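All heavy atoms count here, side chains included; hydrogens, waters and symmetry mates do not. Since we're looking at a predicted model, the values are computed, not measured. Counting begins at 1 with the first residue of the sequence.
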Amino acid sequence: MLILDRMNEGQPNTDPLYSFALDELLCRQAGEGGPPIVHLWRHPSAFILGQRDSRLPHVEAACRQIEAQHYHTAVRNSGGAAVPLDQGVVNVSLIVPIGSASGMRFNHDFERMYELISLALSFTGCRVDKGEIVGAYCPGDYDLSIDGRKFCGIAQRRQAKALIVQAFVVAEGSGSERAALVRAFYDAAAGIGEADAGASGESRVGVDADDGGPAGSSGAAPASHPIVVPSSTASLEELTTIGADAARTFAERVKDVIRACQQQDAVADSATRLKLPPADQLEAMIASLHARYKR
């Protein structure tokens, strides 16, 4: 497996779907005999919506609210829900061909990502748990947490012959502040007023939108989007002894885990098969993703 480290390449004017487009093209290569890759990247100021988020009734107003805080907004092509990205969030993409084992068990590659992140954090002495954390943003069965607080979410994008497992890792800064930002987005996108949201910031109980149950006063049914509780999320800097430069430290530890499994002759062979997409191909894929997953 090759390492593609783009931790320092994201600029404020970089399209928020640039790295997703790169993943998509590298995944096509992997499916046609290209090398498996671990792609490490950041975006300095992006707010990435899930596809279901894009269908909330007041999503345009909510996105304007987020953009006023200097975030770029976009809808991604992989699973999951809304996630804020910044320099303190490390994104890890595992891009691998679909083999017989992963094809038989859908969660095989989620487990691979869980193992990679657990090994990368083993030096902290903290146990990394998996399982949904109630109140976290972008919730799922493969929420990764320490002491009951989420720091990582995992999503997957499958093509015909290869797949991408993407993880966002909240490494530095305040996890609860990011969660509060996501909650404010959902409150605005669903048309929930302050009285509905509740002054205490506690989770609101709702029913699925398809069940015909009660909805917010002027918007979506509460369970049509994640019910985010800010205290559910924390960063590695807050949860462990990783230190203030947690994003860079975590990324280096991920690379150490990959290097420990590499064989030099295999790395050399993989490098000859890697063809980074040219700029025009990337631009075309970015435009395609924006058009296909527009809100």
Side-chain angles (χ1 to χ4, degrees), residues 6-7 10 14-24 39-56 59 62-63 65-67 69-94 110 113-114 117 130 132-145 149-157 164-190 225-236 238 246-247 250-251 289-290 293 295:
R6 296 184 52 258
M7 286 283 289
T14 300
D15 191 286
L17 294 184
Y18 182 98
S19 293
F20 294 93
L22 180 57
D23 279 357
E24 190 78 0
H39 176 199
L40 298 162
W41 58 278
R42 293 184 287 185
H43 192 289
S45 54
F47 192 92
I48 306 299
L49 282 66
Q51 294 173 47
R52 189 173 183 180
D53 301 329
S54 68
R55 297 190 288 271
L56 288 168
V59 65
C63 284
Q65 177 178 300
I66 292 293
E67 289 161 359
Q69 300 178 63
H70 308 292
Y71 286 89
H72 301 276
T73 61
V75 182
R76 68 170 178 266
N77 60 338
S78 55
V83 173
L85 303 181
D86 54 56
Q87 291 290 69
V89 178
V90 179
N91 299 276
V92 184
S93 300
L94 288 180
F110 284 86
M113 180 68 83
Y114 167 61
I117 292 173
K130 62 182 176 181
E132 184 170 344
I133 298 298
V134 175
Y137 61 85
C138 195
D141 292 342
Y142 276 84
D143 288 348
L144 303 190
S145 61
R149 301 177 76 188
K150 178 175 177 173
F151 69 90
C152 171
I154 303 176
Q156 187 182 94
R157 161 73 174 162
I164 311 160
V165 183
Q166 295 169 330
F168 72 86
V169 178
V170 182
E172 298 175 13
S174 170
S176 62
E177 288 180 5
R178 293 181 177 95
L181 177 70
V182 177
R183 180 180 176 121
F185 164 79
Y186 280 126
D187 286 347
H225 62 276
I227 310 301
V228 179
V229 179
S231 60
S232 64
T233 304
S235 69
L236 292 177
E238 294 171 311
F250 171 74
L289 292 178
H290 277 295
Y293 300 101
R295 60 181 193 261

ring-ring contact (aromatic ring centres under 6.0 Å, His included) between Phe168 and Tyr137, worked out
CA-CA 11 Å; Phe168 72 86; Tyr137 61 85; 5.7 Å; yes
Output yes when a side-chain donor or acceptor of Arg76 lies under 3.5 Å from a complementary backbone atom of Ala81, and no otherwise.
yes
Going from CG on Asn77 to CG on Leu17, what distance comes out if it is rounded to the nearest 0.5 angstrom?
7.5 Å
Given Phe151 and Ile117, is the side-chain contact (heavy atoms from CB on, under 4.5 Å) satisfied, shown in steps?
CA-CA 11 Å; Phe151 69 90; Ile117 292 173; 4.0 Å; yes
What verdict does the side-chain contact (heavy atoms from CB on, under 4.5 Å) test give for Glu24 and Ile164, after you've listed the backbone C-alpha separation in whole Å, the side-chain angles of each residue and the deciding distance to 0.1 Å?
CA-CA 8 Å; Glu24 190 78 0; Ile164 311 160; 4.1 Å; yes
With sequence neighbours excluded, residues passing side chain to side chain donor-acceptor pair (under 3.5 Å) with Gln65:
none
Polar side-chain atom of His43 near backbone of Thr14 as donor-acceptor pair, under 3.5 Å
yes
Scanning both residues in full, the closest heavy-atom pair of Ile133 with Ser145 reads CD1-OG, 3.6 Å
Tell me, do Asp53 and Val59 make a side-chain contact under 4.5 Å, heavy atoms counted?
no
Minimal non-hydrogen separation, Val89 against Arg178, with atom names
CG2-NE, 3.7 Å
Correct closest heavy-atom pair for Ala167 and Ile154 would be CB-CG1, 4.1 Å
Holding to ring pair (Phe, Tyr, Trp, His ring centres under 6.0 Å), I want the full list of residues that pass it with Phe20, two or more places apart in sequence or in another chain.
Trp41
Test side-chain contact (heavy atoms from CB on, under 4.5 Å) on Leu49 and Leu56; report intermediate values, then the result.
CA-CA 11 Å; Leu49 282 66; Leu56 288 168; over 6 Å; no
Side chain to side chain donor-acceptor pair (under 3.5 Å) against Ser232, all qualifying residues, sequence neighbours excluded:
none
Under the salt bridge (Lys or Arg N to Asp or Glu O under 4.0 Å) rule, collect the residues that match up with Arg55, sequence neighbours excluded.
none
Which atoms form the tightest heavy-atom contact between Glu172 and Ala246, and what is the distance?
OE2-N, 3.2 Å
Pair Phe250-Val92, side-chain contact (heavy atoms from CB on, under 4.5 Å): steps then yes or no
CA-CA 11 Å; Phe250 171 74; Val92 184; 4.0 Å; yes
What residues form a side chain to side chain donor-acceptor pair (under 3.5 Å) with His72, not counting sequence neighbours?
none
Rounded at 0.5 Å granularity, tell me how far CZ in Arg149 sits from OG in Ser235.
8.5 Å
Set of residues satisfying side chain to side chain donor-acceptor pair (under 3.5 Å) with respect to Ser174, sequence neighbours excluded:
Ser176
Return the orientation label for the Tyr71 and Phe47 ring planes: parallel under 30°, perpendicular over 60°, tilted otherwise.
perpendicular
Pairing donors with acceptors under 3.5 angstrom, does anything connect the side chains of Arg6 and Ser19?
yes
Do side-chain atoms of Asp143 reach the backbone of Lys150 as a donor and acceptor pair under 3.5 angstrom?
no
Could you tell me whether the side chain of Gln87 reaches within less than 4.5 Å of the side chain of Pro44, counting heavy atoms only?
yes
Taking Arg183 for its side chain and Val228 for its backbone only, find out whether a donor-acceptor pair lies under 3.5 Å.
yes
Checking the side chain of Gln69 only, and the main-chain atoms of Ile66 only, is there a donor and an acceptor separated by less than 3.5 Å?
no
Between Gln166 and Ala155 (side chain of the first, backbone of the second, donor and acceptor by atom type, cut-off under 3.5 Å), is there such a pair?
no
Using a 3.5 Å distance criterion without hydrogens, assess whether the side chain of Arg42 forms a donor-acceptor pair with backbone atoms of Met7.
yes
